[in-house]
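Please read the structure below before turning to the comments.
Note: hydrogens, waters and symmetry copies are ignored here, and every other heavy atom, side chains too, is used. Chain letters run A, B, ... following the sequence lines, proteins first and then strands; every chain starts at 1.
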Amino acid sequence: MPAEPGTTEVSGEFQARILALVARIPPGRVMTYGQLALLAGHPGAARQAGHVMNGLMGGQDGEGADLPWQRVINAQGRVSTHKLGFGDLQERLLRAEGVPFDASGRCDLSARQWWPEEDRDAPPEALF
DNA sequence: CGCTTGACAAAGG
DNA sequence: CCCTTTGCCAAGC
């Protein structure tokens, strides 16, 4: 449908790319905003990655309702939704998936961060 | 058409 | 380890 060769439809591409990546995150694993932006083709646009997530919250048409938005955290290994009001919920959901959070609300990114290259690899028992 | 905002990231104190 | 500043880029107004 984009009949215009010059139109910047990439903006929607960015959003779709982010959502597609989030949907690919296996349970028990997490991704960072900067990572999403990088894989989306916009390195450095970590903030925008978060903006996209914020957008899927308003639409309740079941489009992004299935997206595991909870598996998206910041590079510090902490959830960036605390001030939004559902930070506690996100931590709870991740913890229920097997992602342990520190008393400070931090998790081990080195062990839980997931990359598409790993291909839905299940978390080994060693991590359990 | 331009300023302000923001689910971020990295560096410095 | 916690807090503050700077940079970055897209979307909203």
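- Between A/Leu38 atom CG and B/dA10 atom P the separation is 11 Å, expressed in whole Å.
- The CD atom of A/Glu13 sits 11.5 Å away from the CD1 atom of A/Ile18 when rounded to the nearest 0.5 Å.
- No donor-acceptor distance shorter than 3.5 angstrom exists from the side chain of A/Tyr33 to the backbone of A/Ala75, with no hydrogens or angles considered.
- Distance CD (A/Gln35) to P (B/dA10): 11 Å, rounded to an integer number of Å.
- Atoms CD1 (A/Ile18) and P (B/dG6) sit 19 Å apart, rounded to a whole Å.
- A/Phe101 is listed as a side-chain neighbour of A/Leu94, based on a closest heavy-atom distance under 4.5 Å.
- Both A/His51 and A/Arg106 lie near DNA chain C, and the one whose nearest nucleotide falls closer to the 5' end is A/Arg106.
- Protein atom CZ of A/Phe86 is 9 Å distant from nucleotide atom P of B/dA7, rounded to whole Å.
- Side-chain N/O atoms of A/Arg47 and base N/O atoms of C/dC9 include no donor-acceptor pair closer than 3.5 Å.
- Applying the side chain to side chain donor-acceptor pair (under 3.5 Å) test between A/Gln70 and each of A/Gln90, A/Glu97, A/Arg92 identifies A/Glu97 as the sole match.
- What separates CD of A/Gln76 from P of C/dC1 is a distance of 12 Å, to the nearest Å.
- Taking atom CD of residue A/Gln48 and atom C1' of nucleotide C/dC8, one finds them 8 Å apart after rounding to whole Å.
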